[in-house]
Amino acid sequence: MLRFKSSRMIILGLILIVAGWLLVFAMVINLVKETFLLSFVGYGLGLAGFFIGFMAISYHWNLIKDRQDKKQLRDYEDNE
């Protein structure tokens, strides 16, 4: 089973979003010549960062919920 740390994936998603934004911003202020490929790469970085970050946050929330459910189950079993 593939295991990863959700905090690292959230940071990776944030880095990708910022890199995509910086690339597009550099094209807007004419620091980098705007081409279709660079525009596509900037958009792709932002979109990939968003999806990676969203999946990592969902995974993290699921882990927290599972821990809470297991704790409630243990507490319930101990009370019986």
Side-chain angles (χ1 to χ4, degrees):
M1 184 171 151
L2 180 64
R3 295 183 51 104
F4 60 90
K5 290 194 170 226
S6 57
S7 59
R8 288 184 185 170
M9 296 300 286
I10 292 170
I11 292 171
L12 175 66
L14 181 63
I15 289 171
L16 287 173
I17 289 172
V18 170
W21 183 83
L22 286 175
L23 182 61
V24 171
F25 183 70
M27 286 186 285
V28 167
I29 63 171
N30 292 326
L31 202 59
V32 178
K33 184 179 178 186
E34 184 178 353
T35 64
F36 177 74
L37 181 62
L38 278 180
S39 297
F40 188 73
V41 168
Y43 177 75
L45 285 174
L47 194 61
F50 173 76
F51 281 121
I52 289 172
F54 184 76
M55 288 179 5
I57 289 171
S58 299
Y59 178 73
H60 185 72
W61 280 343
N62 194 23
L63 287 177
I64 291 172
K65 186 176 178 297
D66 285 346
R67 286 183 196 142
Q68 289 174 349
D69 289 346
K70 286 179 184 178
K71 184 178 182 288
Q72 287 177 352
L73 184 60
R74 279 195 310 264
D75 291 343
Y76 179 77
E77 289 175 350
D78 289 342
N79 289 335
E80 286 186 352

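There is a path of hydrophobic side-chain contacts, each under 4.5 Å, that joins Leu37 to Val24. In this structure, Trp21 is a member of the same hydrophobic cluster as Val18, with clusters built from ILVMFWY side-chain heavy atoms closer than 4.5 Å. Trp61 and Phe54 fall into different hydrophobic clusters, where Ile, Leu, Val, Met, Phe, Trp and Tyr side chains are chained together by heavy-atom contacts under 4.5 Å.
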Can you give me every donor-acceptor pair (side chain of residues 27-36, partner residue at least two apart or in another chain, under 3.5 Å) with its distance?
from	atom 1	to	atom 2	distance (Å)
Thr35	OG1	Leu38	N	3.1

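Atom-to-atom distance recorded for Tyr59:OH and Lys5:NZ is 11.0 Å, nearest 0.5 angstrom. In this structure, CG on Asn62 lies 10.5 Å from CZ on Arg67, to the nearest 0.5 angstrom.
The two residues Ala56 and Ile10 have their closest heavy-atom pair at CB-CG1, 3.6 Å.
Residue Leu47 belongs to a hydrophobic cluster whose other members are Ile17, Tyr43, Phe50, Phe51, with links defined by side-chain heavy atoms closer than 4.5 Å.
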